[in-house]
Amino acid sequence: MAAKTDVYQHPDYYLLDELLTDEHKLIRDTARAWVKKEVSPIVEEACQKAEFPKQWIKGLAEIGAFGPYIPTEYGGAGLDQISYGLIMQELERGDSGLRSTASVQSSLVMYPIYSFGSEEQRKKYLPKLASGEWMGCFGLTEPDHGSNPAGMLTNIKDKGDHYLLNGAKMWISNSPFADVAVVWAKDEEGVIRGIIVERGMEGFSTPETHGKWSLRASATGELVFDNVKVPKENLLPNIKGLKGPLSCLNSARFGIAWGAMGAAMDCYDSALRYSKERIQFGRPIGGFQLTQKKLAEMITEITKGQLMVWRLGVLKNENRATPAQISMAKRNSVHTALTIAREARQIHGGMGITGEYPIMRHMMNLESVVTYEGTHDIHLLITGYDVTGISAFE
Ligand code: TGC
Ligand code: FAD
């Protein structure tokens with residue numbers, strides 16, 4: 001497959017660049033340039049082969065995509081939340097699987113170690129995760145407990161000088177090559193705890209999940225724990241209960257809210273260009289009213305989504321973003337991106353189903369993004385709970 005030239009042009013209908021600082025723009029442009037140079041030329045082939053290109057790890061670390069908001073003393077980039085969002089936007093513009101890898105490393109592995117770990121754990125793991133020397137994964141979902149993680153069966157038993165870990169997690173991004181896993185398990189009192197499991201511990205295996213039609217450039221697998229002896233010092237000491245993993249999800253969902261807008265913008269950009277170039281009935285298809293309706297609605301929804309995630313970033317910088325506000329943005333961005341991908345596919349006609357254009361790849365990826373980190377309907381119910389005060393889950 002021939003390498004591609006990336007001609008993406010970022011849509012900014014409401015001049016939102018004016019809301020960004022020079023540092024934000026520099027960070028965003030650096031990520032964008034790296035994606036154009038290192039990701040776009042090979043991402044289609046990686047997806048076709050269902051491979052995660054490991055050479056991306058070094059580049060991701062260099063652009064600050066591993067732990068963007070983790071303080072520099074632990075190897076992170078020490079940036080604000082809008083910078084984190086912009087990096088995720090650019091990565092997902094390239095591919096949702098690429099953004100997944102960075103989301104998991106930053107929000108689901110480094111964040112809990114930084115927020116709930118001991119000083120020794122922070123020093124041991126964070127610099128290596130920031131540099132990409134070690135890759136991490138996050139084990140919450142189980143075969144019988146997806147939307148309802150409170151029911152998890154994976155458990156730890158206190159054996160004096162170590163914990164004995166048993167159970168299984170599934171649908172775990174990065175698990176097939178992760179060096180460390182942040183795993184959520186119940187203790188003998190049924191309280192959910194976080195524990196760091198390292199590759200090589202006896203009884204710990206990470207079988208890969210094959211046959212995915214979605215997120216093919218991201219490795220997904222299981223985590224299987226068969227009487228794994230985990231040293232006591234690997235328990236995250238500063239968190240107990242479901243709010244531990246759900247706090248990590250707040251950070252990852254925020255990144256997805258920005259990221260999915262990147263996928264939406266890539267689909268729009270490609271559809272707009274195609275509509276001006278493709279001639280039918282003697283004129284560009286962009287001249288037909290039905291095509292213009294599609295394009296006009298796409299740029300309207302993109303502009304609304306861009307404003308939403310920017311405002312959420314401001315609130316998050318001020319520590320004022322609520323989990324429910326983050327849920328609303330995750331749900332809206334992914335729904336917007338999926339709708340735009342489907343409309344963009346139509347504008348590309350038959351070419352839309354090929355790897356010549358990024359559309360079908362984004363569309364298939366987004367079918368995972370709309371499900372993971374809380375499904376479309378779970379986020380709707382979180383908003384419903386927030387506005388009524390009545391939980392649909394009890
Ligand atoms: P509920 O009784 O509502 O809450 C239990 C405790 O948690 C607290 N809490 C939160 N804390 C922080 N952030 C949040 N977003 C929180 N939501 C709830 C809550 O205050 C309570 O605390 P406390 O102190 O009173 O104990 O819990 P519930 O069992 O009724 O469940 C609520 C529900 C359904 C919303 C929750 O379980 C949920 O969000 N389910 C979706 C599961 C999910 O998102 N899984 C994602 C797995 S990881 C993943 O998909 C990674 S993909 C990565 C990639 O590749 O990019
Ligand atoms: P289910 O919970 O079985 O839901 C099935 C359907 O039922 C959904 O439509 C859902 O909305 C609906 N439903 C469920 N409960 C309700 C309700 N109360 N009211 C109304 N409708 C409801 N997990 C991790 O822990 N770590 C990872 O790294 C990770 N990576 C992933 C990567 C990929 C590619 C995928 C696909 C998933 C990943 N996940 C990961 C798991 C993901 O978070 C779950 O798939 C997701 O939370 C949904 O769980 P489920 O698939 O078991 O669906």
Side-chain angles (χ1 to χ4, degrees), residues 1-12 16-17 20 23-49 51-68 77 79 82-107 130 132 135 173-174 215-219 255-273 302 305-306 309 333 337 340-341 344 355-366 368-369:
M1 194 174 286
K4 299 256 178 55
T5 305
D6 183 343
V7 291
Y8 172 71
Q9 287 185 340
H10 180 74
D12 185 12
L16 292 169
D17 262 22
L20 304 178
E23 188 186 35
H24 289 148
K25 284 185 264 194
L26 179 66
I27 288 156
R28 192 258 327 263
D29 292 348
T30 303
R32 185 174 297 164
W34 179 76
V35 168
K36 279 199 174 200
K37 184 162 176 276
E38 304 293 341
V39 177
S40 300
I42 62 168
V43 65
E44 190 61 41
E45 189 173 358
C47 280
Q48 296 281 359
K49 290 184 178 166
E51 281 174 7
F52 170 71
K54 293 261 178 64
Q55 70 263 33
W56 286 346
I57 291 174
K58 188 165 170 283
L60 283 167
E62 282 168 3
I63 64 167
F66 292 156
L79 302 172
I82 291 180
S83 304
Y84 169 46
L86 287 165
I87 294 172
M88 295 300 124
Q89 169 190 288
E90 294 307 315
L91 296 183
E92 192 145 4
R93 206 281 297 173
D95 191 80
S96 301
L98 174 69
R99 195 269 308 134
S100 253
T101 296
S103 290
V104 169
Q105 185 89 339
S106 300
S107 291
M135 293 299 292
S173 301
N174 300 354
L215 284 194
R216 288 171 63 80
S218 158
I256 292 174
W258 280 83
M261 293 314 301
M265 288 188 263
D266 201 38
C267 291
Y268 167 77
D269 175 66
S270 182
L272 179 62
R273 191 171 305 106
I302 285 171
Q306 286 171 327
V309 296
S333 291
I340 287 175
E356 284 296 306
Y357 296 90
I359 313 299
M360 195 82 177
R361 178 169 50 78
H362 281 310
M363 193 199 299
M364 294 200 301
N365 284 341
L366 289 162
S368 286
V369 184

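FYI, the numbering just counts along the sequence from 1.
- Across all non-hydrogen atoms, the minimal contact from S83 to H24 is OG-CD2, 3.3 Å.
- Annotation for P41 and V35: closest pair CD-O, 4.3 Å, computed over non-hydrogen atoms.
- If you check the side chains of Y8 and S40, you find no donor sitting under 3.5 Å from an acceptor.
- Shortest non-hydrogen contact noted between A341 and L366 is CB-CD1, 4.3 Å.
- Ion pairing between D269 and R273 holds under the 4.0 Å rule for side-chain N and carboxylate O.
- The structure places CD1 of I63 at 10.5 Å from CD1 of I27, a figure rounded to the nearest 0.5 Å.
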Q: Check step by step if side-chain contact (heavy atoms from CB on, under 4.5 Å) holds for R99 and V369.
A: CA-CA 10 Å; R99 195 269 308 134; V369 184; 3.9 Å; yes

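- With Q306 contributing its side chain and P11 its backbone, the two residues share a donor-acceptor pair below 3.5 Å.
- Comment: D17 does not engage K25 in a salt bridge, judged by the lack of any side-chain N to carboxylate O separation of less than 4.0 angstrom.
- Nearest heavy atom pair, residue G262 against residue R93, reads O-CG, 3.4 Å.
- From M265, atom CE reaches atom CD of Q9 across 14.0 Å, with rounding to the nearest 0.5 Å.
- Of the possible polar contacts, one joining the S106 side chain to the A65 backbone as a donor-acceptor pair under 3.5 Å is found.
- Here the OG-CG distance, from S100 to N174, works out to 7.5 Å after rounding to the nearest 0.5 Å.
- The CD1 atom of I57 lies 9.5 Å from the CD atom of Q55; values are rounded to the nearest 0.5 Å.
- Put simply, the side chain of S96 never gets that close to the backbone of E92: no donor and acceptor are under 3.5 Å apart.
- Residues satisfying the salt bridge (Lys or Arg N to Asp or Glu O under 4.0 Å) test with R216, not counting sequence neighbours, are none.
- To the nearest 0.5 Å, atom CZ of residue F52 and atom CG of residue L215 are 12.0 Å apart.
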Q. Under the salt bridge (Lys or Arg N to Asp or Glu O under 4.0 Å) criterion, do K36 and D29 qualify, and how do the steps go?
A. CA-CA 10 Å; K36 279 199 174 200; D29 292 348; over 6 Å; no

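- Side chain of T101 to backbone of G97: a donor-acceptor contact under 3.5 angstrom is found.
- Side-chain atoms of W56 come within 3.5 Å of backbone N or O of E38 as a donor-acceptor pair.
- Between the side chain of D266 and the backbone N or O of P358, no donor-acceptor pair lies under 3.5 Å.
- With values rounded to the nearest 0.5 angstrom, I302 atom CD1 is found 9.5 Å from H10 atom NE2.
- When side chains are defined from C-beta on, I340 does not count as touching H362, because their heavy atoms never get closer than 4.5 Å.
- Nearest heavy-atom pair, A46 versus P53, reported as atom, atom and distance to 0.1 Å: CB-CG, 3.6 Å.
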